[in-house]
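What follows is a set of notes on a single structure, which appears directly below.
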Amino acid sequence: MSEIAKAYDPKLVEPKWYQAWLDADAFGGIPDEKKEAFTIVIPPPNVTGVLTMGHVLNNTIQDILVRRARQEGKKALWLPGTDHAGIATHARIERKLRMEGKNRYDLGRETFLKRAWEWSDEHRNIILNQLQKLGSSCDWNRTVFTMDEKYVRAVLTAFVRLYERGYIYRGKYMSKWCPVSLTALSDEEVIMKPQKGLLYKMRYELVEDPGNYLEISTTRPETLMGDTAVAVHPEDSRYNQLIGKHVWRPFPRAELPIIGDEAVDREFGTGVLKVTPAHDEMDFQIGQRHNLPVIDVFNPDATLNDLAGEDFSGVDRFAARKLAVEKLKALGLFIDAEDYENNVGFSERTDVPIEPRISEQWWMRYPKVEEAKSAVENGLIKFYPSRWEKVYLHWLNNIRDWCISRQLWWGHRIPVWYKKGEDRNNKDNWHISVDGPQDPDNWEQEEDVLDTWASSWLWPFATMGWPNPSKEESEDLNFFYPTSDLVTAPDIIFFWVARMIMAGLEFMGPEKKKLATEEIKERIPFQNVYFTGMIRDLQGRKMSKSLGNSPDPLDLIDKFGADGLRFGIMSVAPKGQDILLSDERVEQGRNFCNKLWNACRFRQISGKLEDNSSLDNILSRFEPDLFDEYDHWIVNQLIKAIHQIETGYDNYDFNLMAQGIYNFFWSDYCDWYLEVSKTKLKNESLRDNCLAIQDFILRQVLLTAHPYIPFITEELWHNLGYGDKHSFIQDHCIENSSQLSNQIYQLGIEKDTHLVEAKNIDELQLFIMRARFLKAEYNVANKRDVTFYYSVGEGYDELVDGNIENIKHLVGASNLIACDEAPEGAPAEVTRIGTIYLDLTSAVDVVAEKERLNKELIRLEKQITGSEARLSDVNFLNKAPEKVIQGAREQLATNKTKREEFQKLINNLG
RNA sequence: GGGCUUGUAGCUCAGUUGGCUAGAGCGCUUGCUUUACACGCAAGAUGUCGGCGGUUCGAGUCCGUCCAGGCCCACCA
């Protein structure tokens, strides 16, 4: 065993242990029927991704849960992988192509896919390697990629089954279109943003009444060439007599019917709506109701086409808007334009306004919606924090069909084949299967691929071999499914969480229209969902590349160690609330590691290590007869802290757990117990018992802290001889608080004494702090040879007598002398267990001291008056519980004693 | 427009079923090489618990209302 270095250096520890874990396959998740299963599937990061602070938070939490599960004796599997990220990857590759002056069509599908694969092969492992630096204990042998051959088969199988079960259809409807990616999007991929624009007012001439006009409001004049009607509210008396008549569309000039539709808002603008069924969702619906023709005047890239007229052909939509206004002005049909703010949908990935567009797409009616709701409503799946349940249910209650086809190449190509040369709209000409038709030459496959989320929604079971599991995979699925916890961000609650639940319910069992509760329980993909907060900077701003406020986690790991980063971020991550992170937090995490390191170093320096290889060995060295207040107290504080941690895990209170470990270890153990130890260690008869207690505390602290800070705890575990060469700290089951207390009490250390001891220690510490205060106040804080006198309060003789040496050490005094009479002129402090006087060889400033004591006296008087008032209030005495009244009486009594004492001190000063 | 959420020290957060003098860390001030640790030790200062009203013997905690942030959902052109 080497001597521990003075300052902890994570660089010497972290890579070493990660490699050792990998070499020993310490994270292997193999079914073990003797144990309880604990499973987490990682939210697969995008292949395009690099590690962000969000990943750090998310994966640290998962790692904590998995490591804790191992300590609790469960068989844990944390299954890692990556997502092919359709649009995001497309965007990356196409950007590169643009720089080469090309686009994907120049390359063709096959060449493009080759490049996509190269790119993904090159990037896929970057983020996984970064997760390893963080300490993530995934079973890397089982890493899955959503484009793996097996996974692809799972995705296609799901499609085929849903088609056969009647959930999937193809049709020409309005969907959201991204003019940059040139693909349809699902509703969830569109982000609404308020945009400053103009509300234009124009007029169309009435066909039946030339010279008279109808005034129309619109934000999108560039679509007027696609108008096929003008609509008013049927009960709007201003206009309803015009229904059935016509107006002139100015260009291309055409007669448009005036129709009545209740969707029109009479209050908005002029109350007259131009109806463009091809370019607006509501207009499309109105068009359907009135059998209006649909004129699509846009190209896929949102430039205008020939149908818009010669002037517009090839013009971009925003230029076309200006052009349309110009033309209206020239025709005298433009009235005015006012500033207007409205919400415009943007493509999540490319950040450009989307276009509502009618196209052939594949759609999915969601399966098992009712069951998905009840799974959460009935608590089969629990959300932390629970308020997300409402958001989830609201979405499911208003669920709309899912547009699952994407006009992209990178992804899972839809397993539908059309008979060559035949009508694609006729289902007789379709072939739908995973493997494709027997005579492929006569068929052509659907060009579209599936939405990325239509692959990741299968993640919890497609990663374990569904739908054609090998023998081993069947065991996996049986053992590890349903998974235990899912840790994710709330912004993908619809994209991913809700859909995974529905997929699990639909696929993880035989086909069934309706599921009973028991079946739901077996099929759900996970039991608990923990939603993380969002990481923000100290100004509360979202961390983003453009703001430059997002620290690179790898830099932080380099500077503070992965443990420091993990501990820092977890200590400020309140449940489900946003996290404001700064470097100082991480620094604090690093400091905690250093403190831990040095406390262990102190143990090593203090005395020879005995056999620490088991808890029993350590406890057998306890000498209960030698236990004093401090020994009792620290053991009790430890058990309390461990209990607090246990409750923390039950409630997913990660920051409270971090703070709990921190406070116990730093404030109780290091600040008080270790300091007291220094006097005990000097005393031969107390020495061994004290070292055994230290060994015990440190052992349990290392175990408890291990999920948060896995590297340093592993290192210290071995340094202090808790483990052998052939095992890791995670191989030792952690004792829970009741096990620990039972074992301790069985040694003959009385349970009941703890409460008394704890109270006594509190009083003792107060006494010591007041003495230190006197030293600081009289500028002798740095002297260790001062003399104190003291008189003991009633009932505390034994406590003070037994702790003289401890008090002397903790205060920094050479003499502590009992006295009956207050020494003349000595500044003093009054506490419950006694009055303490600082002996000053030089004269004290009597006036200043008197003033100080008087201030104290006044404060006391105020409290006494308050207490007396309460205690003489009949209502209070009648209605308050006895405990509270008793408490108030005790406080009053203590304060009165103190007041007397202060009075005496002031009198003594003359 | 609907819903969710937050407001406690300069900053980030605790504060259990209402009950003693509202706590912690960071930061700040002062002093300190004390048998681990300056990534440290000790002492100290700092609060209209967002505002107002109510219930209660008693409110940071419960109720109402208002104010201010943040987020999500929604077809008003």
Side-chain angles (χ1 to χ4, degrees), chain A residues 4 6-8 192 199 216-220 223 231 263-265 267-269 272-276 280-285 340 342-343 356 385 387-388 390-391 394-395 398 490-491 493-494 534 536 538 540 560 564 571-572 574 576-582 584-585 587-606 655-656 659 662-663 666-667 670-671 674-675 678 681-682 769 772-777 779-784 809 811-812 859 862-863 866-867 870 873-881 883-892 895:
Chain A
I4 309 182
K6 193 164 172 173
Y8 174 58
M192 301 304 285
L199 183 62
I216 300 169
S217 301
T218 182
T219 53
R220 301 203 63 191
T223 63
V264 178
D265 179 356
E267 308 297 317
F268 188 87
V272 183
L273 170 71
K274 71 192 237 342
V275 183
T276 323
D280 183 275
E281 180 123 25
M282 185 168 88
D283 292 10
F284 177 75
Q285 283 162 15
Y340 185 68
N342 65 341
N343 281 322
R387 64 188 152 88
W388 293 109
K390 284 189 189 168
V391 177
H394 180 258
W395 185 74
N398 296 282
D491 53 350
I493 188 167
F494 314 135
M534 192 173 283
R536 297 170 178 279
L538 283 181
F560 301 112
S571 65
V572 285
Q577 262 158 250
D578 289 351
I579 294 146
L580 282 75
L581 189 81
S582 64
E584 284 77 51
R585 290 292 151 190
E587 198 177 333
Q588 202 187 330
R590 188 266 319 254
N591 294 351
F592 179 71
C593 292
N594 190 58
K595 190 75 173 175
L596 187 59
W597 183 260
N598 273 290
C600 291
R601 179 167 170 258
F602 178 66
R603 165 63 192 90
Q604 212 183 32
I605 293 168
S606 301
N655 66 324
L656 299 185
Q659 286 160 18
Y662 185 99
N663 287 339
W666 202 302
S667 307
C670 291
D671 286 351
L674 278 195
E675 287 308 317
K678 287 173 185 172
L681 292 172
K682 276 188 248 171
M769 286 194 283
R772 285 169 176 170
F773 165 78
L774 285 175
K775 282 181 72 181
E777 195 72 3
N779 296 320
V780 289
N782 52 337
K783 284 193 180 165
R784 298 192 64 79
H809 174 77
V811 170
R859 202 177 57 85
K862 245 179 165 169
Q863 278 173 28
S867 298
R870 278 175 83 198
D873 182 345
V874 185
N875 277 325
F876 175 71
L877 293 175
N878 286 342
K879 294 184 181 172
K883 218 178 88 187
V884 173
I885 297 171
Q886 197 50 41
R889 286 207 175 106
E890 273 171 32
Q891 190 202 332
L892 179 62
N895 282 338

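Proteins get letters first, then strands, A, B, ... in listed order; numbering begins at 1 in each.
Distance noted for atom P between B:C71 and B:A9: 22 Å (whole Å). Distance check on atom C1': B:U61 versus B:G50 gives 16 Å, rounded to whole Å. With C1' as the reference atom, B:U8 and B:C49 are 4 Å apart, rounded to whole Å. B:U48 and B:C39 have their C1' atoms separated by 38 Å, given to the nearest Å. Atom name P, nucleotides B:A59 and B:G18: the rounded distance is 13 Å, in whole Å. Taking atom C1' on both B:C76 and B:A68, the two are 29 Å apart, rounded to the nearest angstrom. Using C1' as the reference atom, B:C28 and B:U12 are 16 Å apart when rounded to the nearest Å. Spacing of C1' atoms, B:G47 relative to B:C11, comes out at 14 Å, to the nearest Å.
Scored by the side-chain hydrogen bond (donor to acceptor under 3.5 Å, both in side chains) test, A:R590 finds no partners at all (sequence neighbours excluded). Partners of A:Q588 under the side-chain hydrogen bond (donor to acceptor under 3.5 Å, both in side chains) rule, at least two apart in sequence or in another chain, are A:R585.
By the 4.5 Å heavy-atom criterion applied to side chains, A:L674 and A:F602 are counted as neighbours. Here the side chains of A:F560 and A:N591 are not in contact, with every heavy-atom distance at 4.5 Å or above. Looking only at side-chain heavy atoms (C-beta outward), A:V391 and A:F494 come within less than 4.5 Å of each other. Looking only at side-chain heavy atoms (C-beta outward), A:K274 and A:T223 come within less than 4.5 Å of each other.
In this structure, of B:A77, B:C26, B:C37, it is B:A77 that holds the atom nearest to the side chain of A:D265. The side chain of A:F773 has B:A43 as its nearest neighbour among B:A43, B:A36, B:C76. Among the nucleotides B:A77, B:C13, B:G25, the one closest to the side chain of A:Q659 is B:C13. Of all nucleotides listed (B:G40, B:A43, B:A77), B:A43 comes nearest to the side chain of A:M769. Closest contact between the side chain of A:N342 and the listed nucleotides B:C37, B:A77, B:A36 involves B:A77. For A:R387, the side-chain atoms get nearest to B:U5 when compared with the rest of B:C37, B:U5, B:U12. Taking only side-chain atoms of A:A599, from C-beta outward, the nucleotide of B:A77, B:A36, B:G40 with the closest atom is B:A36. The side chain of A:D671 approaches B:C41 more closely than any other nucleotide in the set B:U5, B:C41, B:C37. When distances are taken from the side chain of A:M282 to each of B:A77, B:A74, B:C39, the shortest belongs to B:A77. When distances are taken from the side chain of A:F494 to each of B:C73, B:A36, B:A74, the shortest belongs to B:C73.
Rounded to whole Å, atom P of B:C37 lies 12 Å from atom CG of A:L674. Nucleotide B:A38 holds its P atom 17 Å from the OH atom of A:Y8, rounded to whole Å. In this structure, CG of A:L681 is placed 11 Å from P of B:A36, rounded to the nearest angstrom. One can place CH2 of A:W395 at 11 Å from P of B:C73, the figure rounded to the nearest angstrom. Straight-line distance from the CG atom of A:N591 to the P atom of B:C37: 15 Å, rounded to whole Å. A straight line from OH of A:Y662 to P of B:A14 spans 17 Å, rounded to a whole angstrom. One atom, NZ of A:K682, and another, C1' of B:U34, lie 10 Å apart when rounded to the nearest Å. As a whole-Å value, the separation of A:E675 CD from B:C37 P is 11 Å.
Here the closest heavy-atom approach between residue A:G269 and residue A:S217 is recorded as CA-OG, 3.4 Å. The minimum heavy-atom distance between A:M282 and A:L273, with the atom names listed, is CE-CD2, 3.8 Å. Shown here for A:N655 and A:S571, the closest heavy-atom pair between the two residues is CB-O, 3.6 Å.
Across all strands shown, A:V275 has no heavy atoms under 4.0 Å from either base or sugar-phosphate atoms. Contact annotation for A:K595: base contact, defined as any heavy-atom pair under 4.0 Å involving a base atom. Note on A:T219: only backbone sugar-phosphate atoms sit closer than 4.0 angstrom, heavy atoms only; bases stay farther off. If you check every strand for non-hydrogen atoms under 4.0 Å, A:Y340 touches sugar and phosphate atoms only. At a threshold of 4.0 angstrom between heavy atoms, the contacts of A:C670 include nucleobase atoms, whether or not backbone atoms are also involved.
At least one test fails for A:K595 against the ring of A:Y8: distance under 6.0 Å to the centre or angle within 45° of the axis.
Between A:W666 and B:C41 there is a side-chain polar atom (N or O) within less than 4.0 angstrom of OP1 or OP2.
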- request: Dot-bracket notation for RNA chain B is requested: 5' to 3', Watson-Crick or G-U wobble pairs only, both distances under 3.5 Å, with ( ), [ ], | and . as defined.
  value: (((((((..((((.....[...)))).(((((.......))))).....(((((..]....))))))))))))....

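A donor and an acceptor atom never sit less than 3.5 Å apart when one is taken from the side chain of A:K678 and the other from the base of B:U34. Looking at A:K6, its side chain has no donor and acceptor atom pair within 3.5 Å of the base of B:C37.
Of the residues near RNA chain B, A:Q588 and A:R772, the one whose nearest nucleotide (by heavy atom distance) lies more toward the 5' end is A:Q588.
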